[in-house]
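Note sheet for the following structure.
Convention: sequence-line order gives letters A, B, ...; per-chain numbering from 1. Here the structure is a predicted model, which means the values were calculated and not measured. The analysis underlying the following values was restricted to heavy atoms, covering all of them including side chains, and did not include hydrogens, waters or symmetry mates.
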There are 2 protein chains.
Amino acid sequence: MQFTINRQAFIKALNDVSRAISSRTTIPILTNIKLVLNDEELILTGSNADISIETTIPQSDTSAQLVITQPGGITLPATFFTNIVKRLPADNMTLAIDGLRAAITSGASAFTINGQDVQNYPQLPEMEDVQSLSVSAAQLVDIISQTKISASTQESRPILTGIHLQLTGNSVKAVTTDSHRLSQRIVTLTGTDADVDADVIIPAKAFNELQSLLEGQDRVDIKLAANQAVFDLGHTTFYTRLLEGNYPETDRLIPTESTTAITIEASALLGAIDRASLLSHESRNNVVQLSLKNGAAVLTGNSQEVGQVKEELGAQTIDGDDLDISFNPDYVRDALRVFNGKSVDVKFTSNLRPFTLTPAGETDNKQLQLITPVRTF
Amino acid sequence: MQFTINRQAFIKALNDVSRAISSRTTIPILTNIKLVLNDEELILTGSNADISIETTIPQSDTSAQLVITQPGGITLPATFFTNIVKRLPADNMTLAIDGLRAAITSGASAFTINGQDVQNYPQLPEMEDVQSLSVSAAQLVDIISQTKISASTQESRPILTGIHLQLTGNSVKAVTTDSHRLSQRIVTLTGTDADVDADVIIPAKAFNELQSLLEGQDRVDIKLAANQAVFDLGHTTFYTRLLEGNYPETDRLIPTESTTAITIEASALLGAIDRASLLSHESRNNVVQLSLKNGAAVLTGNSQEVGQVKEELGAQTIDGDDLDISFNPDYVRDALRVFNGKSVDVKFTSNLRPFTLTPAGETDNKQLQLITPVRTF
């Protein structure tokens with residue numbers, strides 16, 4: 001294998017596939033980056049066994065200035081190799097493989113580093129019974145960012161670490177819950193005549209890496225198979241395994257009525273929650289209280305050792321029964337952040353039942369955050 | 001104690017004194033910030049026992065809008081209190097002390113937090129036999145940044161963790177060495193008729209915090225006593241203890257002749273050293289080799305497990321005997337960085353003797369970096 005390439009274009013591709021590579025893998029060769037060169041293109045692959053990213057630099061990409069001298073393949077230590085490429089002195093660089101040794105030259109600089117056989121790198125799994133759909137990148141980012149906050153980070157119930165996606169026709173329903181809170185987002189896909197019928201659970205942390213790749217992207221082709229999802233972003237392809245099992249039924253968790261409701265600007269409530277959590281984070285139990293009484297809303301926090309906080313909330317409307325309710329302020333903070341400064345309706349039934357946050361005036365639960373209160377008495 | 005103050009001005013003062021505060025102190029009250037209010041000004045103090053920072057907000061400072069209602073004092077948990085002040089909602093805030101409880105109010109937000117008695121906060125030591133001088137802040141930063149790199153970070157020989165300052169008339173000689181390398185900077189103070197005679201060792205890490213405070217400063221008044229140095233920056237005063245003991249004699253370590261010399265742009269050598277150290281950092285011993293032969297300079301690194309690197313250096317001149325020498329690339333990198341992209345002379349006597357870096361063409365050793373090679377055979 002031998003090629004010459006523009007260093008900046010190569011660094012971009014190395015950075016993209018490196019998002020999938022972890023130094024904490026149990027499969028040593030996955031700390032390497034896989035490079036395969038054929039007569040027309042250079043293909044880079046990175047993987048952590050859960051997700052894989054593949055990016056292709058074709059000879060026709062004029063900015064990459066790829067000159068193919070000899071096809072072949074090798075895997076090279078990802079971090080070490082990428083750091084070398086980033087610091088080379090000239091605009092272009094040449095990589096030439098002799099056995100398992102890679103000679104890297106650029107200007108007056110020459111490196112020789114040891115690689116491993118490309119044959120030992122795991123193959124990407126075959127896709128069977130594939131369903132396809134095209135999604136706008138902005139809608140996909142919307143669905144992910146509205147739901148990933150409530151995915152569990154505990155491996156005790158692996159299924160809850162995923163985002164549950166139910167696709168029917170051109171409608172997508174996304175749900176996450178860690179059993180303390182729940183996020184739901186329902187959207188009708190735009191710019192597509194997709195007619196799929198699928199029910200999949202995608203690991204939420206896979207989306208952390210996908211979101212970065214989606215920046216500047218217009219549309220994404222998604223392929224869903226029994227155990228894998230593939231996001232095709234043109235020259236870059238993102239693979240993630242699916243979580244196996246049945247996702248819990250969540251519709252019955254969402255209250256259908258409320259006895260107390262306030263409407264408030266998300267940013268005003270967020271400021272008060274942020275301050276109150278300064279105190280609750282110093283306390284043994286991370287809890288704040290909301291009191292709705294005589295048309296006033298007051299947020300308080302109390303800690304014998306640390307002190308007290310009291311925030312009078314400037315709510316737009318306060319309706320219904322008086323209420324005292326306690327909750328983890330971090331859950332409410334995460335929920336408020338996804339409303340991006342709009343006004344929200346917060347609806348309660350009792351201080352023991354979950355309460356919901358939805359965009360002010362909307363009752364269709366298409367954008368819903370649900371939080372279970374903390375029992376403090 | 002009770003006062004009202006502009007929050008931004010207060011945050012600036014809290015940030016300044018917080019530079020002295022460490023959460024890893026063995027004296028619990030030093031995790032607190034000390035606030036003392038008299039009839040004219042608010043005085044904030046932070047300390048980690050080695051360094052202390054005191055800053056004063058006078059009533060006459062119009063931007064601070066300080067309104068003094070009741071003089072007094074308290075100490076409050078530094079990080080927690082500062083975070084609260086930073087997140088309060090209104091432009092101004094009021095602090096009122098009742099016993100050891102501090103009530104903080106701003107807009108619709110109210111905190112009560114627990115403090116400790118200001119009487120329990122350690123007093124700053126008295127200064128005796130003081131010598132004073134005025135220094136330009138830019139010259140002080142120059143002296144610090146050219147020397148602190150060679151100060152030891154090991155506590156096995158505490159004296160070597162300091163910067164050795166010898167002041168005679170209006171000349172300052174600053175020296176550091178960790179026994180592997182040495183930095184020396186000699187300057188004639190400008191804009192002062194100082195006539196001091198002092199020999200002090202200031203902990204190098206004290207200067208990390210002082211450097212941040214010096215930004216935007218014009219001149220600094222320095223007071224030196226037997227066991228303490230004080231840097232007066234107007235409304236802010238920086239105190240540091242001095243290191244006790246005799247600093248080793250260093251003049252005899254500096255070579256007076258050389259048998260091989262190269263002149264090279266600092267940035268060109270730095271680029272090659274940076275790349276070569278990518279490889280040496282992956283190796284068991286962090287060493288690179290420089291070969292000067294037949295008028296060519298070549299930097300190489302070799303590691304059985306990792307690979308090789310070879311950098312041809314574009315030196316401006318190469319004079320004297322052929323030489324092969326090995327060294328820790330990190331020491332040369334640190335030394336080159338202080339030359340800020342200028343050309344440097346690198347002078348050698350043998351591959352077992354220290355070599356020096358000085359500004360190209362200068363032979364007065366007023367700006368000198370010395371590095372001991374590594375014996376590899």
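- Only the side chain of A:Glu282 comes within contact range of chain B, with heavy atoms under 4.5 Å apart.
- Among the candidates B:Arg101, B:His281, B:Glu311, B:Glu305, the residue making the largest number of heavy-atom pairs closer than 4.5 Å to chain A is B:Glu311.
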Between B:Arg275 and A:Phe111, does a side-chain contact (heavy atoms from CB on, under 4.5 Å) hold up when you go through it step by step?
-> CA-CA 9 Å; B:Arg275 285 188 290 277; A:Phe111 279 84; 3.9 Å; yes

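- Of the atoms belonging to A:Leu279, heavy atoms from both backbone and side chain fall under 4.5 Å from chain B.
- Interface residues of residues 73-95 of chain A toward chain B, defined by a heavy-atom distance below 4.5 Å and sorted by number: A:Phe80, A:Asn83, A:Ile84, A:Arg87, A:Leu88, A:Pro89.
- Interface check for chain B: of the options A:Gly271, A:Gly314, A:Ser303, A:Gly307, the most heavy-atom pairs under 4.5 Å are formed by A:Gly307.
- Interatomic distance, OG of B:Ser109 versus CD of A:Glu312, reported as 9.5 Å (0.5 Å rounding).
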